[in-house]
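Everything below concerns the one structure shown next.
In this text, all values refer to a predicted model and were calculated from it rather than measured experimentally.
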Amino acid sequence: MLRNLSDVLMDLHNGLQGAAQRAGVQVTQAEMTLPVDTALTLKDGGCVLLADVARSYADAGWHQQSCRLSLVWQQLPTEALP
């Protein structure tokens with residue numbers, strides 16, 4: 001099921017934070033490249049990017065497509081914030 005890309009990113013981020021907390025570590029940088037299924041759709045007078053990653057290898061067969069999402073999350077010193 002495709003959903004707003006922002007929701008997908010928040011779920012990935014929350015999952016990463018949860019895993020780090022359970023392991024008792026603090027993540028200062030994380031990089032990942034994931035296969036994604038995407039679609040542009042018109043909604044509420046604008047264009048919305050829908051996406052999702054595979055929940056398992058068996059999901060929908062789209063794992064062979066070439067669409068990839070590359071992410072980098074990293075901790076910034078508070079002095080770097082405006």
Quick one: closest heavy-atom pair of Val36 and Leu69, and the distance?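 For Val36 and Leu69, the tightest heavy-atom pair comes out as CG1-CB, 3.6 Å.
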Please name the pair of heavy atoms, one in Trp73 and one in Leu12, separated by the smallest distance, quoted to 0.1 Å.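 What the structure gives for the nearest pair is CH2-CB, 3.8 Å.
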Non-neighbouring partners of Thr28 that pass side-chain hydrogen bond (donor to acceptor under 3.5 Å, both in side chains), sequence neighbours left out: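 None.
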Pairing residues for Gln29 by the side-chain hydrogen bond (donor to acceptor under 3.5 Å, both in side chains) criterion, not counting sequence neighbours: Glu31
Restricting to pairs with a member in residues 14-37, which pass ring-ring contact (aromatic ring centres under 6.0 Å, His included), not counting sequence neighbours? none
Suppose clustering is done on Ile, Leu, Val, Met, Phe, Trp and Tyr with side-chain heavy atoms closer than 4.5 Å. Which residues sit in the same group as Val48? Leu2, Leu50
Point-to-point distance, once rounded to the nearest 0.5 Å, from CG of Asp52 to CZ of Arg3: 4.5 Å
What I'd like to find out is whether the side chain of Arg68 reaches to under 4.5 Å of the side chain of Pro35, using heavy atoms alone. yes
Report yes or no: do Val72 and Leu16 belong to one cluster of Ile/Leu/Val/Met/Phe/Trp/Tyr joined by side chain heavy-atom distances under 4.5 Å? no
Only one of Asp37, Thr38, Leu34 forms a side chain to side chain contact (heavy atoms under 4.5 Å, CB included) with Cys67, so which one is it? Thr38
Residues at least two apart in sequence or cross-chain that pass side-chain contact (heavy atoms from CB on, under 4.5 Å) with Leu42, listed by chain then number, are Cys47
Could you give all pairs that pass the side chain to side chain donor-acceptor pair (under 3.5 Å) test and reach residues 16-27, with sequence neighbours left out? Gln26-Gln75
Does atom CE of Met10 have more than 12 heavy-atom neighbours from other groups under 6.0 Å away?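 No, not enclosed.
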